Colleague: 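Okay, here's the structure, questions in a sec.
Keep in mind that this is a model prediction, so the values were computed, not measured.
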Amino acid sequence: MGFLDNLFGKSTKEEATMSNENLKLGIILGSVRQGRNAEAVTNWIYDFATKRNDNVNYEIVDLADYKLPLLGAALNESEQQAADAAIKAWSEKMASFDGYIFVAPEYNHAVGGALKNALDHLKPEVANKAAGLVGYGSLGGVRAHENLRLIFGELQVADVQTAVTFSLMADFENMSVFKPADYHAANANGMLDQVIAWSSALKTIR
């Protein structure tokens, strides 16, 4: 490959970037809590990803924009119409991506209920796609990530190994102003590399 690269003037990295064309990755803001830190974290990973110039289309999807009902809840007719519209919009949006990056804070040692409920409304929309994890919490959101890995297994989502984990104590001033340490860039790059590679590969089997 080295000889061919020199002969034709195209590096492996350039070839990989070209192959990413038309790859769509959704960055899912997975908290609806008032005063949430997730918005700042989501904007950080979006800016970080787009600056890499991977030739990938990234889009932020804010879970708060979708007023999803609790799965299986009884609703009156007017509520049901609004719920059906929200479910349809959520389904179509998630189906439009080739892979995902979930920003998932940890609540009470687990993933937040709103994100779990949103995922319960999905199955074929996300099957055979890849996902990366970004989190924050007292331990960087790792327990929420472990919850999500179990859920993704049932949804046939291939979650990548490397995750980005921000500490509420170390990466937030007064637990509210996001000031991430520089070392998180290495994990962010590793996670994105894996999500892009797996999303590209899984696209060929759908």
Colleague: Return each pair, listed once, that meets salt bridge (Lys or Arg N to Asp or Glu O under 4.0 Å) where at least one residue sits in residues 178-190; pairs must be two or more places apart or across chains.
Modeller: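 Only E173-K179 qualify under salt bridge (Lys or Arg N to Asp or Glu O under 4.0 Å).
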Colleague: Surrounding CG of N108 (heavy atoms of other residues, nucleotides or ligands, distance under 6.0 Å), is the total greater than 12?
Modeller: no
Colleague: If you count the non-hydrogen atoms of other residues, nucleotides and ligands that lie under 6.0 Å from NZ in K88, is the total more than 12?
Modeller: no
Colleague: List the atom of A188, the atom of F48, and the distance in Å for their closest heavy-atom pair.
Modeller: CB-CE2, 3.5 Å
Colleague: Is there a side-chain contact between F178 and N43 (heavy atoms, below 4.5 Å)?
Modeller: no
Colleague: Is there a side-chain contact between V164 and F166, using heavy atoms and a 4.5 Å cut-off?
Modeller: yes
Colleague: Tell me whether D159 is salt-bridged to K129, with the criterion being a basic N under 4.0 Å from an acidic carboxylate O.
Modeller: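 Result for this pair is no, no salt bridge flagged.
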Colleague: With sequence neighbours excluded, tell me which residues meet side-chain hydrogen bond (donor to acceptor under 3.5 Å, both in side chains) with E79.
Modeller: N76
Colleague: To the nearest 0.5 angstrom, please state how far the CD1 atom of I60 sits from the CD1 atom of I27.
Modeller: 6.0 Å
Colleague: With heavy-atom distances below 4.5 Å as the criterion, would you say the side chains of I28 and V103 are in contact?
Modeller: no
Colleague: Working to the nearest 0.5 angstrom, can you tell me the gap between E59 CD and S96 OG?
Modeller: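 Answer rounded to 0.5 Å: 6.0 Å.
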Colleague: Any chance you could measure H121, atom NE2, to S91, atom OG, to the nearest 0.5 Å?
Modeller: 10.5 Å
Colleague: Looking at side-chain heavy atoms only, is the closest gap between M191 and V134 below 4.5 Å?
Modeller: yes
Colleague: Taking Q194 for its side chain and T162 for its backbone only, find out whether a donor-acceptor pair lies under 3.5 Å.
Modeller: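 Yes; at least one donor-acceptor contact below 3.5 Å.
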Colleague: What's the separation between atom CG in N187 and atom CG in L133, rounded to the nearest 0.5 Å?
Modeller: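 So the CG of N187 and the CG of L133 are separated by 12.0 Å.
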Colleague: Can you list everything that forms a side-chain hydrogen bond (donor to acceptor under 3.5 Å, both in side chains) with S176? Sequence neighbours excluded, please.
Modeller: none
Colleague: Under 3.5 Å, which donor-acceptor pairs link side chains of residues 110-119 to any protein atom two or more places apart or in another chain?
Modeller:
residue, atom, partner, partner atom, Å
K116, NZ, D120, OD1, 2.9
K116, NZ, D120, OD2, 2.9
N117, OD1, L71, N, 2.9
N117, ND2, P69, O, 2.9

Colleague: Can you name the ring pair (Phe, Tyr, Trp, His ring centres under 6.0 Å) partners of Y58, sequence neighbours left out?
Modeller: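 For Y58, no residue satisfies ring pair (Phe, Tyr, Trp, His ring centres under 6.0 Å) once neighbours in sequence are set aside.
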Colleague: To the nearest 0.5 Å, what is the distance between CD1 on I101 and CG on L29?
Modeller: 12.5 Å
Colleague: Check salt bridge (charged side-chain N to carboxylate O under 4.0 Å, His left out) between R36 and all other residues, then give those that pass, not counting sequence neighbours.
Modeller: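 R36 satisfies salt bridge (charged side-chain N to carboxylate O under 4.0 Å, His left out) with E39, D62 only.
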Colleague: Answer whether the closest heavy-atom distance between the side chains of L68 and I87 falls below 4.5 Å.
Modeller: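 Yes, close enough: below the 4.5 Å cut-off.
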Colleague: Which residues satisfy the ring pair (Phe, Tyr, Trp, His ring centres under 6.0 Å) test with Y136, sequence neighbours excluded?
Modeller: F172
Colleague: Under 3.5 Å, is there a donor-acceptor pair between the side chain of E106 and the main chain of R143?
Modeller: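 Side chain of E106 to backbone of R143, a donor-acceptor pair under 3.5 Å: yes, one is there.
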Colleague: Would you check, one step at a time, whether the test side-chain contact (heavy atoms from CB on, under 4.5 Å) holds for E77 with Q80?
Modeller: CA-CA 5 Å; E77 185 176 350; Q80 190 64 59; 5.7 Å; no
Colleague: Given side chains that start at C-beta, do those of N37 and P105 come closer than 4.5 Å, heavy atoms only?
Modeller: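 Counting from C-beta outward, N37 and P105 never come under 4.5 Å.
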Colleague: Can you name the side-chain hydrogen bond (donor to acceptor under 3.5 Å, both in side chains) partners of Y107, sequence neighbours left out?
Modeller: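 Partners of Y107 by the side-chain hydrogen bond (donor to acceptor under 3.5 Å, both in side chains) criterion, ordered by chain and then number, come out as S31.
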Colleague: Begin from the C-alpha positions of I196 and V56 and carry the test side-chain contact (heavy atoms from CB on, under 4.5 Å) through to its verdict.
Modeller: CA-CA 8 Å; I196 291 169; V56 172; 4.0 Å; yes
Colleague: How would you list, by chain and number, every residue that makes a ring pair (Phe, Tyr, Trp, His ring centres under 6.0 Å) with Y46, sequence neighbours excluded?
Modeller: none
Colleague: Kindly compute the distance separating CG (D54) from CG (D193), expressed to the nearest 0.5 Å.
Modeller: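 Between atom CG of D54 and atom CG of D193 there are 7.0 Å.
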Colleague: Applying salt bridge (Lys or Arg N to Asp or Glu O under 4.0 Å), which residue pairs with at least one partner in residues 160-172 are found, sequence neighbours left out?
Modeller: none
Colleague: Any idea how F97 and Y100 line up, ring-wise: parallel (<30°), tilted (30 to 60°), or perpendicular (>60°)?
Modeller: perpendicular
Colleague: What pairs with D98 under salt bridge (charged side-chain N to carboxylate O under 4.0 Å, His left out), at least two apart in sequence or on another chain?
Modeller: K203, R206
Colleague: Assess the residue pair V126 and F152 against the criterion (side-chain contact (heavy atoms from CB on, under 4.5 Å)); give the C-alpha distance rounded to whole Å, side-chain angles, the decisive distance to 0.1 Å, and a yes or no.
Modeller: CA-CA 9 Å; V126 297; F152 289 158; over 6 Å; no
Colleague: Charged N to carboxylate O below 4.0 Å: is that the case for E125 and K93?
Modeller: no
Colleague: Applying side-chain hydrogen bond (donor to acceptor under 3.5 Å, both in side chains), name anything that partners H145, two or more places apart in sequence or on another chain.
Modeller: none
